[in-house]
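First up is the structure itself, then whatever we jot down about it.
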Amino acid sequence: MRDDTTPVPRIVLMRGDITEQHVDAVVNAANSGLTGGGGVDGAILRAGGPAQRAAREALVDRIGSLPTGEAAATDAGDMPARWVIHVVGPVWSGKEDRSALLASCYSKALAVADELGARTVAFPAVSAGVYGWPMRSAAEIALTTVLATPTEVSEVRFVLFDESAHAEFTAVLQDL
Ligand code: ADP
C-alpha cells in the first residue's frame, strides 16, 4: 500500500555488476522486444540463463512489447535476485527533451517492486550506455526520481559499472 507518508528508500551507490547483486529485484535496461543485446540487458540474459529467457518470452507473449518508459517484471532465473524488472529507457536526443520518459522508468520500476513486495532493488544507469544519455543528467534524473517516489522499497542500490559513472552519481547525490 502506497500513500503520502510512505518513506523514501535508503540510497546506496556502488561499483559492480548488477547480475551479481543479492537483492530482491534487479532492474534491466531493456529494449522493447526484451531480446537482450549488449550492456546490462545481455549480461542479465546470460546470467539468468534459460529460465530468464523463457520468462521473457512468456512476458512478450502476454504483453507484446514493452513501451519506452514502462516497467514489467519476470522471474530472474539463475541470478541471486528473485525478479528482474525490465524498463525501456529513452534513446538520448539533443533535440527533444525525453527526461520524463527516463524518470518514468524509475518511478514505474518502484511501483512494480511494490506490487511484487520487493524491498531491495538494484538499478543500473538506465539509458546511459548504448542509448547515449549523458551520465550526469542520467544520474540527476535517476536520483531525484527515486527520492521523490513514495515506495515500500527500503533500499535502492545503484550499481554502476565504471568509476566515472560512480563519480557522477556520487557528485549528484551530494548536491541533493
Ligand atoms: P541503455 O541501452 O539503456 O543505454 P546499457 O546496458 O547500454 O543500457 O547501459 C546502461 C549502463 O549500464 C551503462 O552505464 C553501462 O556501462 C552499464 N552496464 C553495463 N553492463 C552492466 C552490468 N553488468 N552491471 C551494471 N551496469 C552495467
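As the structure lists them, so they are numbered: ligands from 1, and atoms in each ligand from 1.
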Under 6.0 Å from the CZ atom of R119, do we count more than 12 heavy atoms belonging to anything else shown?
yes
Ion pair check, E70 and K108, cut-off under 4.0 Å
yes
salt_bridge(R46, D41) N-O dist < 4.0 Å
no
Between S32 (side chain only) and S65 (backbone N and O only), is there a donor and an acceptor less than 3.5 Å apart?
no
Any nitrogen or oxygen of M135, main chain or side chain, under 3.5 Å from a nitrogen or oxygen of ligand 1?
no
What is the nearest protein non-hydrogen atom to atom 7 (O) of ligand 1, stated with its residue, atom name and distance?
V130 N, 2.8 Å
Could an N or O of ligand 1 be found under 3.5 Å from any N or O of D162, whether backbone or side chain?
no
Contact check: A43 vs ligand 1, nitrogen or oxygen atoms, below 3.5 angstrom:
no
Heavy-atom distance under 4.5 Å between the side chains of S99 and W133, does that happen here?
yes
Residue, atom and distance of the protein heavy atom nearest atom 3 (O) of ligand 1 read S127 N, 2.9 Å
Sub-3.5 Å N/O-N/O distance, T19 and ligand 1:
no
Specify the protein heavy atom at minimum distance from atom 16 (O) of ligand 1: its residue, its atom name, and the distance to 0.1 Å.
F161 CB, 3.7 Å
So is A128 in contact with ligand 1, going by heavy-atom distances below 4.0 Å?
yes
Do any nitrogen or oxygen atoms of I18 come within less than 3.5 Å of a nitrogen or oxygen of ligand 1?
yes
Report, as yes or no, whether the 6.0 Å neighbourhood of atom CZ on R136 holds more than 12 heavy atoms from other residues, nucleotides or ligands.
yes
To which protein heavy atom is atom 6 (O) of ligand 1 closest, and what is the distance rounded to 0.1 Å?
V40 N, 2.8 Å
Measure the distances from the heavy atoms of A165 to every atom of ligand 1 and state whether one is below 4.0 angstrom.
no
State the atoms of ligand 1, each with its element, that fall below the 4.0 Å cut-off from a heavy-atom position in A125.
10 (C), 11 (C)
Spell out, as yes or no, whether a donor-acceptor pair under 3.5 Å connects the side chain of N31 to the backbone of G36.
yes
With a 4.5 Å cut-off on side-chain heavy atoms, are L173 and I11 touching?
yes
By number and element, which atoms of ligand 1 are closer than 4.0 Å to a non-hydrogen atom of A29?
3 (O), 8 (O)
Which atoms from ligand 1 have a heavy atom of D17 less than 4.0 Å away?
22 (C), 23 (N), 24 (N)
Please list, chain by chain and in numerical order, all residues satisfying side-chain contact (heavy atoms from CB on, under 4.5 Å) with A122, sequence neighbours excluded.
I18, Q21, V23, V26, R157, V159
Between Q52 and D75, is there a donor-acceptor pair closer than 3.5 Å when you use the side chain of the first and the backbone of the second?
yes
For V159, the ligand 1 atoms with a heavy-atom partner under 4.0 Å come out as 25 (C), 26 (N)
Does ligand 1 come near enough to G129 that some N or O of the ligand is less than 3.5 Å from an N or O of the residue?
yes
